[in-house]
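The structure appears below as structure tokens.
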Amino acid sequence: MTHTQTKINLLDFSTEKLKTFFRERGEKPFRAVQLIKWIHQQGVNDFDQMSNLSKNLRLELKKIAEIRAPEVVLDQHSADGTHKWLLRLDDGNCIEVVFIPESNRGTLCISSQVGCALDCTFCSTARQGFNRNLTVAEIIGQLWIARKLLQQDPMGERVISNVVFMGMGEPLLNYNNVIDTIHLMLDDNAYGLSKRRVTVSTSGVVPALDKLTETVDIALAVSLHAPNDELRNQLVPLNKKYPINQLLDACNRFLEQKAARERITMEYVLLDGVNDSDKHAYELIRVLKNTPSKVNLIPFNPFPKTRYKCSSQQRINRFHDILAGAGLITMTRKTRGNDIDAACGQLAGKVNDKSRRDMHFIRLESNDA
Ligand code: SAH
């Protein structure tokens, strides 16, 4: 282990954990707020610049701690303004972060795990297997770095107004670290993002979704992709454990708890000849009847060796019109960053696969009560 790896990484600390850290060292807890502001509001990682901390405290912190984000190893810009960064973690794994600018907002798409254990058949992340959960430092580090780089953008500063957990991994299977990270994102002393502008996207881990409902107030997106269990079992194998009716019940509990939250975004990737017929559209309308939803249709982004094809534009339009005609709020997502493989489901990173996928699913099944 190198010297730096033995230091405490303060990027890993929520405000609460930092208060405890200072208390244990005989310092006042308000130091934690000062430090959180330096690290996250100002983007400073050099203790010498933290002018409102005493010299002794700075010296002490320098000895035992550091503020260390993952290292940027590749920085790509797409013709449409999308940015993609490849970040290398201490253990050699790599993850990708994508920034998508739009006229009225800037969205950062972040990862929560190295790879993914869920094996959705249409997702390229699944192909790479699973290695491990990301730490808080590695998740918040994506925002920390992206904001710094976008502030220095030669084309002018770009602001990150929205964060979506739609990169690699299933955020609800890395629950504690994702929650700590969300607290930092919403904290006015850190990033001060609006709770409507932080979105957790999940393939439907029902118990963790219920816990999330009780814990934080943010926006929710659900990767539905099919209107019945038979088809969803094939596309999102997690459905065998938490079928559609259980998932939608959990969505309704989420909506009941969040008085201000009117709808859940239902993501539906359109796969040619698989889930894109008129019949599927009508079935989807029926299934969502009792769950206030906004449907986000995602044209499938192909990747090497996939068995799927994207639906034709005509089919996408027809599917869209059937849903909208029934009064469902429907959007068709524009594919962004395609030329740099930054589109949904194309994020690759570099994963040292440890999943032994078969074993993993045996474990998932055996958890059944
Ligand atoms: N595990 C979480 C978050 C990651 S996926 C989840 O399942 O929601 C983020 C979104 O991209 C999901 O809706 C996912 O289904 C979609 N996606 C995955 N692969 C895709 C592909 N090849 N083309 C288009 N969308 C894809």
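Residue numbers run from 1 in the order of the sequence given. In listed order, ligands and their atoms are each counted from 1.
For Gln152, the CD atom sits in a packed shell: over 12 heavy atoms of surrounding residues, nucleotides or ligands are nearer than 6.0 Å.
Taking distance alone, with nitrogen or oxygen atoms compared against 3.5 Å, Phe122 approaches ligand 1 more closely than that limit.
Residues Lys148 and Val72 fail the side-chain proximity criterion, which asks for heavy atoms closer than 4.5 Å.
Residues Phe319 and His280 keep their aromatic ring centres 6.0 Å or farther apart. Taking the centre of each ring, Phe122 and Phe300 stay at or above the 6.0 Å mark.
If you number the atoms of ligand 1 from 1 as listed, the ones under 4.0 Å from a heavy atom of Cys123 come out as 18 (C), 19 (N). Proximity to Ser203 (heavy-atom distance under 4.0 Å) selects the following atoms of ligand 1: 6 (C), 7 (O), 8 (O). Ligand-side atoms of ligand 1 in range of Val269: 23 (N), 24 (C), 25 (N), range being under 4.0 angstrom from any heavy atom. Atoms of ligand 1 found under 4.0 Å from any heavy atom of Gly169, numbered from 1 in the order shown, are 1 (N), 2 (C), 3 (C), 4 (C). Near Glu267, the atoms of ligand 1 lying under 4.0 angstrom from a non-hydrogen atom of the residue are 10 (C), 12 (C), 13 (O).
A salt bridge does not link Lys84 with Asp75: none of the charged nitrogens is closer than 4.0 Å to a carboxylate oxygen. The existence of a salt bridge linking Asp278 and Arg318 is confirmed by a sub-4.0 Å separation between a basic side-chain nitrogen and an acidic carboxylate oxygen.
Within the 4.0 Å heavy-atom cutoff, Phe165 counts among the residues contacting ligand 1.
Test Arg68, Glu66, His40 against Leu11 for side chain to side chain contact (heavy atoms under 4.5 Å, CB included) and you get one pass: His40.
Comparing heavy-atom distances from atom 14 (C) of ligand 1 across Gln113, Glu170, Met166, His225 singles out His225 as nearest. Nearest to atom 4 (C) of ligand 1 by heavy-atom distance, out of Gly167, Cys310, Ser201, Ser124, is Gly167.
Contact annotation for Thr202 and ligand 1: only backbone heavy atoms (N, CA, C, O) come within less than 4.0 Å of the ligand.
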